[in-house]
Colleague: 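So that we are looking at the same thing, I have put the structure below in structure tokens.
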Amino acid sequence: MTRRTTSVAFAAALLATLVATAAPLAAQQPAEAWWRHVQVLSNDSLKGRDTGSPGHEVAARYVAEQFRLAGLSPAGTDGWYQPVRFIEVAMAKEGVALALREGDVWSPLVVGRDMRVTARLATDNVEAPLVFAGYGVSLPQAGMDDLRGLDLRGKIVVYVNANPKGLSAPLLAHGTRTRWATMRQAGAVGVIAVGAGGAWVDNENTRLGSSVSLADTSLDDLGGQRINSVLNPSLMPRLLAGSGIVWDSVVAVAARGEPLPTAALSVSLRATLPTVRRDIVSPNVVGILPGTDRTLRDEVVVLSAHLDHVGTFKGPALTGDSIFNGTMDNATGAATLMETAKAVAARGGNKRTLLFVAVTAEEKGLLGSRYFAARPSITRGTIIANLNTDMFLPLFPLKGLFVYGVDESDLADDVGGVLTARGLQVLPDPEPQEMRFVRSDQYSFIRRGVPSLAFKLGYTTGTAEEKTFTGWVRERYHKMSDDLQQPIDFEAAAGFNALYADLALGVANRKSRPAWRPNSFFATPVIVP
Ligand SMILES: [Zn+2]
């Protein structure tokens with residue numbers, strides 16, 4: 001594929017052509033209209049729908065037009081759109097320098113060989129003592145607190161990037177996601193993560209990373225992080241010298257997930273970190289189907305799917321293809337959102353308000369949804385539930401669903417009812433360690449206290465479906481092969497779309513407002529920051 005620069009105006013003109021030329025399935029094929037959306041969004045000319053790119057703008061216009069055709073009303077802050085401001089920060093090509101102080105001796109560290117650095121909003125020249133904080137996880141409510149007793153003020157925190165055992169999957173995920181927030185509250189100025197297994201990889205693409213953050217710094221999860229780095233574990237004996245902690249035994253204990261020791265360290269890190277910044281504006285697309293009930297219409301059910309993907313491959317060209325089309329991730333989910341809008345608007349009768357949100361910047365760290373959940377574009381009402389669709393993987397027959405978060409709230413009853421009515425069921429998640437409940441946009445709502453669910457086609461362990469699912473994740477997830485050339489199960493996609501629409505209406509019309517299970521960790525909203 002050629003690497004042509006596409007202007008927004010040109011791309012908009014292109015959209016009409018795209019819609020006209022998307023190859024139709026034979027008439028009456030299940031999910032025909034859904035597949036047409038997938039084809040448009042996956043088209044090479046959209047160049048992987050990167051946040052802020054012309055290709056994502058084209059996709060956003062397409063979604064807005066489909067929402068309009070479905071009969072929704074615009075509910076952004078600017079028509080159909082809620083423009084979100086971001087800042088991309090990259091490390092400068094020249095001038096990065098790192099050094100370690102052991103006793104009175106400073107010695108340089110080599111970027112790449114010894115340490116990788118990712119630029120964040122607060123990245124700055126920094127010199128600070130180090131402290132070792134085990135897993136770096138602070139969940140006192142679950143009896144685990146690696147930060148207890150440590151003085152983190154003005155320090156860089158070294159932590160082992162591994163999972164302590166004994167926590168439920170949602171709790172573990174929450175604990176690792178809020179690591180920095182709790183460190184920052186305790187006064188830390190940066191982090192050094194270190195792996196406890198696996199080989200150290202050093203190549204041009206990993207040495208100096210960039211990141212995208214919300215320009216609204218009050219919503220920045222990684223705010224105040226003056227250095228974000230990963231250390232080659234072979235240096236750990238030097239960092240731990242004199243602390244009484246032995247790195248080899250840390251590795252062995254971490255492999256078992258058992259509690260790790262913590263200690264202030266006698267070494268300091270000095271980092272010179274020049275950065276380059278770029279402003280990005282990219283929209284969430286928002287359409288509304290107002291509720292029909294005078295009271296319940298102020299309760300808003302958000303249906304969401306991310307529209308962005310990861311753009312194009314920036315490294316040296318290895319094959320003819322450089323475009324991450326993001327067909328499963330998440331053209332399929334965005335297409336389901338558009339088809340659901342059409343289906344529920346046609347049926348109507350939703351007592352509560354349904355809000356359709358195609359969010360941006362999921363791939364940058366759930367940022368578009370975080371902004372939306374914190375600063376909803378609607379002028380009235382309260383968000384009371386979120387049903388999110390990301391990469392639902394219609395690659396085999398629909399026999400049941402994985403429903404992430406099903407144990408956490410009474411939305412379980414709604415999804416259970418819809419599945420049972422179709423002779424389907426909720427299947428147990430065989431990979432709880434993947435922590436999918438907090439790995440897509442539903443988490444932005446969950447952390448603000450909103451009961452939420454996310455979905456994928458389910459399989460039973462030991463079946464051909466399992467092979468297909470795990471094989472897809474291994475071979476196509478975030479790869480250029482996540483494109484239109486995949487064996488889609490159209491009947492499964494049609495079935496999923498139908499039950500998602502049923503579920504949306506079910507939640508919009510249920511008697512009481514959805515509630516967390518009393519024993520759910522998420523029953524207490526944890527808004528961090
Ligand atoms: Zn993705």
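Indexing begins at 1, ligand by ligand and atom by atom, following the structure's order.
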Colleague: Give the name of the N/O/S atom in Glu363 that lies closest to the Zn ion (ligand 1).
Modeller: OE2
Colleague: Salt bridge check: are Asp220 and Arg184 linked by an N-O gap of less than 4.0 Å?
Modeller: no
Colleague: Assess His478: does it contribute an N, O or S atom lying under 2.8 Å from the Zn ion (ligand 1)?
Modeller: yes
Colleague: Hey, are Glu88 and Lys364 close enough for a salt bridge, meaning a charged N less than 4.0 Å from a carboxylate O?
Modeller: no
Colleague: Tell me, which N, O or S atom in Asp329 is closest to the Zn ion (ligand 1)?
Modeller: OD2
Colleague: Measure from NZ or CZ of Arg116 to the centre of the six-membered ring of Trp200 and say whether it is under 6.0 Å with the direction within 45° of the ring axis.
Modeller: yes
Colleague: Between Asp50, Val212, Asp329, which is the residue that forms a side-chain contact (heavy atoms from CB on, under 4.5 Å) with Glu363?
Modeller: Asp329
